[in-house]
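Scope of the values below: all heavy atoms of this structure, side chains included, with no hydrogens, waters or symmetry mates. Numbers here simply count residues along the sequence, with the first being 1.
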Amino acid sequence: MIRDSSDTSWKKWGAENPYYGVLTDEKFRRENLNDEAKAEFFETGRIHVERILAITQRIFGTTALRGAALDFGCGVGRLAIPLAAVFGHVTGVDVSPGMLETAQQNCALRGIRNIDFAASDDELTNVQRRFDFVHSYLVLQHIPIQRGERIITQLVQRLNDDGVLALHLPFSRNESVIRKFSHLLRKNFSPLSVLVNIAKGKPWDEAFIQMNMYDMNRVLVLLSQNGIKDVFCEVVDAGGFVSAFIFARKPAHAGANVQGKHLWAIGLDNTAGQK
């Protein structure tokens, strides 16, 4: 295969180095991972969920924090586990069997019983129910744009009436032309990653992690086409990547004449490189 496959790469991360695949810090590599590092890993998830739910509550009120939640791209359960402390039921979805297996083990270790997990595809065919809260963080950037846009549509369609969407998407990268070109080459000619890995002293077969930038105009149109008019957006600049965290609510009555509210809150947050 010449072009890089994001699904194949993610399955490889899940099988070989699941924690590092989620947060690319050397302390989370399998050979370095200890109890202290693992505790820190899950603490970052708790802090993230606490912050996102506080924003959700401030915008939409306490009724947004109830019922069932979906975490798309759940990895090893870093965010699904703290979500389960708030919602009655959580579904974690991921394309990697290794990630899902590790997530199930992490839930079992903590005695958590209100989470289930499902294998992902672009149509979310294994996710049949609807949710009051749909969340995805540091996931869609690793998925090619056309596929990601289809997934966004599916996520919106899994929302209950009055359900809230919390979606993270990068839309700009402040990198040199050379670095951007290198990423494009590795994405379209995967054997190049072998040479890059060797040059960086990494395992020669380490999977490439794509970083795709979304067109926010297209994303907003997708939301509008699916009946969402209330859209709030936090803009975060961290590590050269400028991202949007979109908070949106599906109206209670489809087709209702909803007056959209649009709030762009700009914040600089160095934690945006975590997932």
Side-chain angles (χ1 to χ4, degrees), residues 9-57 65 69-87 90-115 117 133 135-142 166-170 197 200-203 206-211 234 236-243 245 267-275:
S9 294
W10 194 242
K11 289 174 183 177
K12 184 175 175 62
W13 283 116
E16 299 178 359
N17 231 322
Y19 292 87
Y20 182 79
V22 173
L23 292 183
T24 53
D25 187 310
E26 291 299 314
K27 73 181 73 169
F28 301 131
R29 282 190 181 274
R30 187 186 294 274
E31 61 269 25
N32 300 329
L33 192 67
N34 55 31
D35 290 344
E36 182 180 354
K38 193 176 286 190
E40 179 182 341
F41 178 92
F42 283 102
E43 178 65 7
T44 65
R46 186 195 66 77
I47 292 170
H48 168 81
V49 167
E50 185 178 86
R51 189 181 81 86
I52 292 305
L53 294 184
I55 295 172
T56 300
Q57 186 169 2
L65 306 180
L70 170 68
D71 185 32
F72 175 78
C74 65
V76 300
R78 185 178 78 99
L79 306 177
I81 287 171
L83 283 171
V86 177
F87 292 90
V90 174
T91 295
V93 178
D94 204 282
V95 74
S96 167
M99 292 286 184
L100 293 175
E101 181 180 356
T102 304
Q104 290 169 337
Q105 292 170 355
N106 284 325
C107 288
L109 284 171
R110 292 163 174 79
I112 298 172
R113 300 175 188 228
N114 61 329
I115 303 181
F117 295 97
F133 186 75
H135 170 270
S136 184
Y137 181 43
L138 292 174
V139 175
L140 288 162
Q141 63 202 42
H142 304 315
L167 197 66
H168 170 266
L169 294 164
N197 286 338
K200 291 183 175 181
K202 296 181 178 180
E206 182 164 283
F208 177 52
I209 298 178
Q210 294 188 24
M211 288 295 293
E234 179 187 58
V236 179
D237 186 348
F241 292 94
V242 184
S243 303
F245 218 122
L268 302 181
D269 185 347
N270 291 328
T271 65
Q274 298 180 342
K275 173 179 175 181

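The aromatic ring centres of His48 and His168 sit 6.0 Å or more apart. For Phe28 and Tyr20, the gap between ring centers reaches or exceeds 6.0 Å.
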Item to check | Chi angles and distances behind the salt bridge (Lys or Arg N to Asp or Glu O under 4.0 Å) call for Lys38, Glu43 | outcome: CA-CA 9 Å; Lys38 193 176 286 190; Glu43 178 65 7; over 6 Å; no
Checklist entry - Could you walk me through whether Cys74 and Val90 pass the side chain to side chain contact (heavy atoms under 4.5 Å, CB included) check? => result CA-CA 11 Å; Cys74 65; Val90 174; over 6 Å; no
Next on the checklist: Before you tell me yes or no, could you show the steps for Phe133 and Leu53 under side chain to side chain contact (heavy atoms under 4.5 Å, CB included), namely the whole-Å CA-CA distance, both residues' side-chain angles and the distance that decides it to 0.1 Å?
Outcome noted: CA-CA 10 Å; Phe133 186 75; Leu53 294 184; 3.8 Å; yes
Item to check | Test side chain to side chain contact (heavy atoms under 4.5 Å, CB included) applied to Thr91 and Asp71, step by step | outcome: CA-CA 6 Å; Thr91 295; Asp71 185 32; over 6 Å; no
Item to check | Steps toward salt bridge (Lys or Arg N to Asp or Glu O under 4.0 Å) verdict (Glu234, Arg51) | outcome: CA-CA 12 Å; Glu234 179 187 58; Arg51 189 181 81 86; 3.0 Å; yes
Item to check | Derivation and outcome, side chain to side chain contact (heavy atoms under 4.5 Å, CB included), residues Phe41 and Asp25 | outcome: CA-CA 10 Å; Phe41 178 92; Asp25 187 310; over 6 Å; no
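Judged purely by atom type and a 3.5 angstrom limit, Asp94 uses its side chain to pair as donor or acceptor with the backbone of Gly75. No donor-acceptor pair under 3.5 Å is formed between the side chain of Ser136 and the backbone N or O of Leu167. At least one donor-acceptor pair under 3.5 Å links the side chain of Ser96 to the backbone N or O of Met99. In this structure, Arg29 contributes its side chain and Asn17 its backbone to no donor-acceptor pair below 3.5 Å. Checking side-chain atoms of Asn114 against main-chain N and O of Phe87 turns up a donor-acceptor pair under 3.5 Å.
Closest heavy-atom contact between Thr102 and Pro18: OG1-CG, 4.2 Å. Here the closest non-hydrogen pair linking Gly73 and Val139 is O-CG2, 3.5 Å. Across Ile52 and Ala166, no two heavy atoms sit closer than the pair CG2-CB, 4.1 Å. Val22 and Val76 get closest at one heavy-atom pair: CG2-N, 4.3 Å. In terms of heavy-atom proximity, Gly77 sits nearest to Pro82 at O-CD, 4.2 Å. Taking every heavy atom of both residues into account, Ala84 and Ile112 meet most closely at CB-CG2, 4.1 Å.
Put simply, the side chain of Thr44 reaches to within 4.5 Å of the side chain of Leu23, judged on heavy atoms. Side-chain contact between Trp10 and Ile209: absent, with no pair of heavy atoms (C-beta onward) separated by less than 4.5 Å. Residues Gln210 and Ser9 have side chains not in contact (no heavy-atom distance under 4.5 Å, counting atoms from C-beta outward). Under the 4.5 Å side-chain criterion, counting only non-hydrogen atoms from C-beta, Glu206 is in contact with Trp13.
One finds a salt bridge joining Lys27 and Glu40 here, because a Lys/Arg side-chain nitrogen approaches an Asp/Glu carboxylate oxygen to under 4.0 Å.
From Lys12, atom NZ reaches atom CD of Glu16 across 3.5 Å, with rounding to the nearest 0.5 Å. The distance from the SG atom of Cys107 to the CZ atom of Arg113 is 11.5 Å, given to the nearest 0.5 Å. Rounded to the nearest 0.5 Å, atoms OG1 (Thr56) and NE2 (His135) are 8.5 Å apart. Rounded to the nearest 0.5 Å, atoms CE (Met211) and CD (Gln141) are 4.0 Å apart. Distance check: Ser243 OG to Leu140 CG gives 11.0 Å after rounding to the nearest 0.5 Å. Here CZ of Phe42 is found 14.0 Å from CD1 of Ile47. Values are rounded to the nearest 0.5 Å.
At most 12 non-hydrogen atoms from other residues, nucleotides or ligands lie less than 6.0 angstrom from CD of Glu36. Other residues, nucleotides and ligands contribute only 12 or fewer heavy atoms inside 6.0 Å of the CG atom of Asp35.
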